Amino acid sequence: MVERGLLIVFSGPSGVGKGTVRKAVFDHADCKIRYSVSMTTRPQRPGEVDGKDYFFRSREFFEDTVRNGQMLEYAEYVGNYYGTPLASVNQLLDEGFDVMLEIEVQGALQVKEKVPDGVFIFLTPPDLHELRQRLQERGTDDRKAIEGRMVKAREEIHMMSAYDYVVVNDVVDLAAERVKKIIETEHYRVERVIGKYEAMLDDLDKA
Ligand code: 5GP
């Protein structure tokens, strides 16, 4: 029987570099990790590919999916819906892949309720000054939007205590290395592996 994969929830404030770190983890990872492609109602940005970056869908379609119980979690973030389609996550986990969700905090809290044995990793900036600088350098937002993102970032950083691990994104490759180590180590948790040793444990009682 294939060992079920780990559900990894990866969050962090806007601008912290979640996407970049996630891609660095996937580039190097020899472990079996797959990215869960979310569904969103936000407009597609230039360069984004439907089905790869997100499934871009209408609000009606999204709401139907939620009503039909087909979302593991979902949240409204800055006026748009974002959610994790349940079926594909379950299929990948059943096939033995670790599955990484890159989602915001409200969604992560819903996953924690439903999948308490998931691995919850929060990516943090070294400090708020650095985060503001990264948002400015990214050049995708005007001054007002950056202030909005900073307010949201403060709320999100407050929630880091709900996670199992906090990784600082000071240098992308180092952050990716830390995330990989966490995932590798999680595979050895006693509650995940003890089932494999049942026969030996039974033998101990017989001896
Ligand atoms: P963006 O519009 O910049 O791609 O994403 C905005 C925020 O939504 C990011 O924090 C991103 O991690 C989060 N997000 C992306 N997909 C999902 C999802 O499926 N569920 C939830 N709850 N958040 C998501």
Side-chain angles (χ1 to χ4, degrees), residues 7-26 33-59 61-66 68-93 99-115 118-125 131 134-142 145-160 162-163 165-167 169 172 175-176 179:
L7 185 64
I8 303 147
V9 176
F10 192 48
S11 304
S14 173
V16 72
K18 279 176 302 215
T20 317
V21 171
R22 189 243 307 162
K23 283 178 189 134
V25 170
F26 280 64
I33 312 180
R34 291 289 180 272
Y35 176 58
S36 158
V37 179
S38 295
M39 190 185 291
T40 185
T41 61
R42 87 145 158 73
Q44 198 166 347
R45 294 178 188 146
E48 284 183 331
V49 179
D50 184 44
K52 183 164 174 270
D53 297 291
Y54 282 107
F55 296 105
F56 296 96
R57 297 291 181 268
S58 66
R59 282 186 88 84
F61 188 93
F62 193 103
E63 284 166 359
D64 275 350
T65 309
V66 172
N68 294 334
Q70 293 165 339
M71 285 293 186
L72 172 59
E73 60 73 38
Y74 75 100
E76 196 158 6
Y77 183 90
V78 206
N80 293 299
Y81 285 131
Y82 295 82
T84 303
L86 184 58
S88 55
V89 169
N90 271 335
Q91 187 183 336
L92 288 166
L93 291 172
V99 179
M100 185 183 273
L101 315 183
E102 190 190 309
I103 63 177
E104 52 69 64
V105 169
Q106 295 311 318
L109 295 178
Q110 293 169 42
V111 179
K112 204 168 182 191
E113 285 281 308
K114 292 185 183 169
V115 190
V119 182
F120 294 80
I121 306 175
F122 190 89
L123 189 70
T124 184
L131 183 66
R134 287 184 197 174
L135 285 170
Q136 283 163 350
E137 280 164 10
R138 198 159 76 168
T140 50
D141 299 293
D142 60 20
I146 289 178
E147 287 321 309
R149 284 189 188 269
M150 285 301 294
V151 171
K152 191 95 193 152
R154 284 171 191 275
E155 285 170 21
E156 292 192 315
I157 292 170
H158 260 300
M159 297 304 298
M160 68 161 65
Y163 286 72
Y165 298 94
V166 175
V167 169
N169 186 18
V172 170
V179 170

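The first residue in the sequence is number 1, and the count goes up from there. If you're wondering where the values come from, they're calculated on a predicted model, not measured in any experiment. In each ligand, atom 1 is the first atom listed, and ligand 1 is the first ligand listed.
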**Q** Per the salt bridge (charged side-chain N to carboxylate O under 4.0 Å, His left out) rule, what does the pair list look like for residues 149-159, sequence neighbours excluded?
**A**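 Those involving residues 149-159 are D141-R149.
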**Q** Does N169 reach the main-chain N or O of A175 with its side chain, forming a donor-acceptor pair under 3.5 Å?
**A**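 No, because the side chain of N169 does not come within donor-acceptor range (under 3.5 Å) of the backbone of A175.
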**Q** For ligand 1, list every N/O pair with the protein closer than 3.5 Å, one pair per line with the distance.
**A**
from     : atom 1 : to   : atom 2 : distance (Å)
ligand 1 : 2 (O)  : R42  : NE     : 2.6
ligand 1 : 2 (O)  : R45  : NH2    : 3.4
ligand 1 : 2 (O)  : Y82  : OH     : 2.5
ligand 1 : 3 (O)  : R45  : NH2    : 3.3
ligand 1 : 4 (O)  : R42  : NH2    : 2.9
ligand 1 : 4 (O)  : Y54  : OH     : 2.6
ligand 1 : 5 (O)  : Y54  : OH     : 3.4
ligand 1 : 10 (O) : K18  : NZ     : 2.9
ligand 1 : 12 (O) : K18  : NZ     : 3.4
ligand 1 : 12 (O) : E102 : O      : 3.3
ligand 1 : 16 (N) : S38  : OG     : 3.1
ligand 1 : 19 (O) : S38  : OG     : 2.6
ligand 1 : 19 (O) : E73  : OE2    : 3.3
ligand 1 : 19 (O) : G83  : N      : 3.3
ligand 1 : 19 (O) : G83  : O      : 3.1
ligand 1 : 19 (O) : T84  : OG1    : 3.4
ligand 1 : 20 (N) : E73  : OE1    : 3.4
ligand 1 : 20 (N) : E73  : OE2    : 2.8
ligand 1 : 22 (N) : E73  : OE1    : 2.8
ligand 1 : 22 (N) : E104 : OE2    : 2.7
ligand 1 : 23 (N) : E104 : N      : 3.1

**Q** Say whether, by atom type as modelled, one donor and one acceptor occur between the side chain of T41 and the main chain of Y81 under 3.5 angstrom.
**A**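 Side chain of T41 to backbone of Y81: a pair is present.
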**Q** Distance-only criterion, 3.5 Å: show the donor-acceptor pairs between side-chain atoms of residues 71-80 and protein atoms not counting sequence neighbours.
**A**
from : atom 1 : to  : atom 2 : distance (Å)
E73  : OE2    : T84 : N      : 3.3
E73  : OE2    : T84 : OG1    : 2.5
E76  : OE2    : R59 : NH2    : 3.1

**Q** Determine, for K18 against E102, whether the closest basic-nitrogen to carboxylate-oxygen distance falls under 4.0 angstrom.
**A**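 Not counted as a salt bridge, because no side-chain N and carboxylate O are separated by less than 4.0 Å.
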**Q** Tell me every residue that passes ring-ring contact (aromatic ring centres under 6.0 Å, His included) with Y165, counting only those two or more places apart in sequence or in another chain.
**A**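 Expected list: none.
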